[in-house]
Number of protein chains: 2
Amino acid sequence: MDPVHEADTSGATGPIDKVADLGRDIGDYIRQQRNTAKISLRQLSKLAGVSNPYLSQIERGLRKPSAEILQQIAKGLRISAEALYVQAGILDEPIGGPVVDAIRVDSALSERQKQILLDVYESFRRENAEDRTTSDAPGQSDMEAQ
Amino acid sequence: MDPVHEADTSGATGPIDKVADLGRDIGDYIRQQRNTAKISLRQLSKLAGVSNPYLSQIERGLRKPSAEILQQIAKGLRISAEALYVQAGILDEPIGGPVVDAIRVDSALSERQKQILLDVYESFRRENAEDRTTSDAPGQSDMEAQ
DNA sequence: GCAGACTGCTTGCAAAAGCTAGCAAGCGGG
DNA sequence: CCCGCTTGCTAGCTTTTGCAAGCAGTCTGC
């Protein structure tokens with residue numbers, strides 16, 4: 001009933017692609033998570049508080065959901081909004097560890113100060129990495145595939 | 001836009017999650033950051049790749065920017081998108097163990113490096129305390145950095 | 001065969017986002 | 001004085017989001 005599912009192969013996509021390629025990634029991820037959770041599209045739509053057609057379009061990359069909607073979907077799926085934002089390409093931070101996290105959320109620091117601290121921290125880590133030759137790259141994997 | 005909003009949102013970010021407040025909050029934060037960076041509205045709009053009137057409306061809380069726009073603004077301001085999302089209420093604060101604790105436990109740093117980081121951190125905090133004089137963000141526990 | 005309930009998808013429409021063009025006010029220099 | 005350049009804000013328009021309503025296909029039981 002749905003033979004029309006040929007992905008248009010974004011490699012040769014014309015200049016008309018604006019919403020499609022960005023939304024497709026996130027939609028794929030959501031659908032995958034939904035299937036993993038074994039719930040139907042309508043169920044998730046109800047859980048997330050969005051309409052079922054809209055969720056369908058999001059999953060197929062026809063619509064680009066706002067951050068609010070994204071957050072509600074994340075809640076419905078019981079996954080972190082962060083993971084979803086990373087998938088959506090609106091958060092490119094792969095997290096750097098407890099220190100980085102702690103600095104980022106510290107409300108006692110200004111953004112400039114955070115940046116300085118993070119820079120110093122990063123330079124220390126690089127410094128040590130040189131010492132240990134090429135052993136670096138701590139936990140980079142995300143994706144909570146329960 | 002969202003008259004039917006039965007989701008409780010667990011109140012982790014704030015007691016009130018009103019869209020209007022949300023926009024005003026984030027706008028205020030952006031304007032504050034922009035003034036701190038000493039750049040004009042039009043300059044930031046160019047840096048962020050958005051139109052200047054739209055940025056003006058965002059700062060005054062008349063429009064609710066999408067996550068993409070937020071990210072571009074964050075980039076233009078050289079601040080983390082995460083902080084902006086938290087301000088916008090679309091990202092819960094990812095737990096915040098004290099910075100000091102995280103640094104102390106970090107095995108990637110030497111003791112000397114830890115000391116430097118802690119010193120810088122504490123100096124920042126003192127700086128802010130003097131600057132703002134008794135007005136600070138909520139939930140500040142006493143964390144000494146010796 | 002045919003209700004009934006499930007799956008997901010398509011269609012039109014209201015509302016909001018987001019941009020282009022243009023406005024009044026402030027400031028320095030000729 | 002007036003010119004040019006900047007500051008931020010307003011008006012009107014196009015594009016997109018997001019939803020209500022409705023459609024086709026698949027099982028299950030009668």
Side-chain angles (χ1 to χ4, degrees), chain A residues 1-8 15-24 26-28 30-77 84 88-90, chain B residues 1-7 18-24 26-28 30-76 84 88 90:
Chain A
M1 86 280 315
D2 189 7
V4 194
H5 221 156
E6 332 294 329
D8 52 337
I16 320 175
D17 266 353
K18 198 170 152 202
V19 179
D21 45 3
L22 185 73
R24 185 129 182 277
I26 176 72
D28 241 22
I30 291 174
R31 176 157 291 190
Q32 166 199 315
Q33 289 297 316
R34 181 171 62 79
N35 287 334
T36 304
K38 300 269 199 305
I39 55 180
S40 77
L41 193 148
R42 277 187 159 90
Q43 276 181 305
L44 176 56
S45 78
K46 200 156 240 176
L47 274 164
V50 304
S51 71
N52 69 81
Y54 189 49
L55 180 57
S56 168
Q57 289 168 322
I58 289 172
E59 289 191 348
R60 284 174 302 141
L62 302 182
R63 288 283 201 278
K64 181 195 74 168
S66 73
E68 278 96 336
I69 298 289
L70 231 45
Q71 192 199 27
Q72 295 184 34
I73 291 174
K75 282 199 165 125
L77 280 172
L84 228 51
I90 58 174
Chain B
M1 168 212 249
D2 191 5
V4 189
H5 201 184
E6 84 270 63
K18 220 164 185 178
V19 187
D21 280 352
L22 199 133
R24 212 203 131 263
I26 178 72
D28 241 23
I30 290 174
R31 176 156 291 190
Q32 167 198 313
Q33 290 296 316
R34 180 170 63 81
N35 288 334
T36 304
K38 299 274 198 303
I39 55 179
S40 77
L41 192 147
R42 274 187 160 89
Q43 275 181 305
L44 177 56
S45 79
K46 199 155 238 175
L47 276 164
V50 303
S51 70
N52 68 80
Y54 188 49
L55 179 57
S56 169
Q57 289 170 322
I58 289 172
E59 289 191 347
R60 284 175 299 140
L62 302 182
R63 289 284 200 277
K64 282 149 277 185
S66 72
E68 274 98 334
I69 299 289
L70 276 181
Q71 191 203 26
Q72 301 192 189
I73 291 174
K75 280 201 166 117
L84 226 48
I90 59 174

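Chain A is the first sequence line, chain B the second, and so forth, proteins listed ahead of strands; every chain is numbered from 1.
In the set D:dT17, C:dT10, D:dT10, D:dT17 carries the atom at the smallest distance from any side-chain atom of A:Lys64. Which of C:dC9, D:dG18, C:dC19 sits closest to the side chain of A:Arg60 comes down to C:dC9. Among the nucleotides C:dT10, D:dT10, C:dC19, the one closest to the side chain of B:Pro53 is D:dT10.
As a whole-Å value, the separation of A:Gln72 CD from D:dT17 P is 16 Å. Protein atom CG of A:Leu62 is 13 Å distant from nucleotide atom C1' of C:dG8, rounded to whole Å. When rounded to the nearest whole Å, the span between CD of B:Glu68 and P of C:dA16 equals 20 Å. Rounded to whole angstrom, the span from the CD atom of B:Gln43 across to the C1' atom of D:dT7 amounts to 11 Å. Summarising the geometry, the separation between OH on A:Tyr54 and C1' on D:dA21 is reported as 18 Å, rounded to the nearest angstrom. Atom CD1 in A:Ile39 sits roughly 15 Å away from atom C1' in C:dG8 (whole-Å rounding). Protein atom CD1 of B:Ile73 is 14 Å distant from nucleotide atom C1' of C:dC19, rounded to whole Å. One atom, CD1 of A:Ile58, and another, P of C:dT10, lie 15 Å apart when rounded to the nearest Å.
In this structure B:Lys75 satisfies the side-chain contact (heavy atoms from CB on, under 4.5 Å) test together with A:Asp92, B:Gln71, sequence neighbours excluded. Qualifying side chain to side chain donor-acceptor pair (under 3.5 Å) partners for B:Ser66, counting only residues two or more places apart in sequence or in other chains: none. With sequence neighbours excluded, no residue forms a side chain to side chain donor-acceptor pair (under 3.5 Å) with B:Ser45.
In this structure, B:Arg31 does not reach the D:dG8 phosphate: none of its side-chain N or O atoms is under 4.0 Å from OP1 or OP2. One finds no side-chain N or O of B:Arg42 lying less than 4.0 angstrom from the OP1 or OP2 phosphate oxygen of D:dT7. For A:Arg34, a side-chain nitrogen or oxygen approaches OP1 or OP2 of C:dG8 to under 4.0 Å. Using a 4.0 Å cut-off, no side-chain N or O of A:Ser66 falls inside it from OP1 or OP2 of D:dT17.
Listed for the A:Thr36 side chain is a donor-acceptor partner under 3.5 Å among the backbone atoms of A:Gln32.
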Protein N or O to nucleotides 12-14 of chain C N or O, pairs below 3.5 Å:
none

Might you list the N or O atoms of the protein lying below 3.5 Å from N or O atoms in nucleotides 24-29 of chain C, with each pair's distance?
none

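Expressed to the nearest 0.5 Å, how far CD of B:Gln33 lies from CD1 of B:Ile39 amounts to 10.0 Å.
Counting only heavy atoms from C-beta outward, the side chains of A:Ile73 and A:Leu55 approach each other to under 4.5 Å.
Contact annotation for A:Ser40: backbone-only contact, meaning every heavy-atom pair under 4.0 Å involves sugar-phosphate atoms and none involves a base.
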Test A:Val50 against A:Ile58 for side-chain contact (heavy atoms from CB on, under 4.5 Å), laying out the working first. CA-CA 11 Å; A:Val50 304; A:Ile58 289 172; 5.7 Å; no

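A residue-by-residue look at A:Leu41 and B:Leu55 shows that A:Leu41 has its nearest nucleotide of DNA chain C further toward the 5' end.
Pairing each heavy atom of B:Leu70 with each of B:Ile26, the nearest pair is CD2-CG1, 4.0 Å. Here the closest non-hydrogen pair linking A:Gly76 and A:Leu47 is O-CD1, 4.0 Å.
Sorted by first and then second residue, the salt bridge (charged side-chain N to carboxylate O under 4.0 Å, His left out) pairs with a member in residues 30-46 of chain B read B:Arg31-B:Glu59, B:Arg34-B:Glu59; sequence neighbours excluded.
A donor and an acceptor atom never sit less than 3.5 Å apart when one is taken from the side chain of A:Asn52 and the other from the base of D:dC19.
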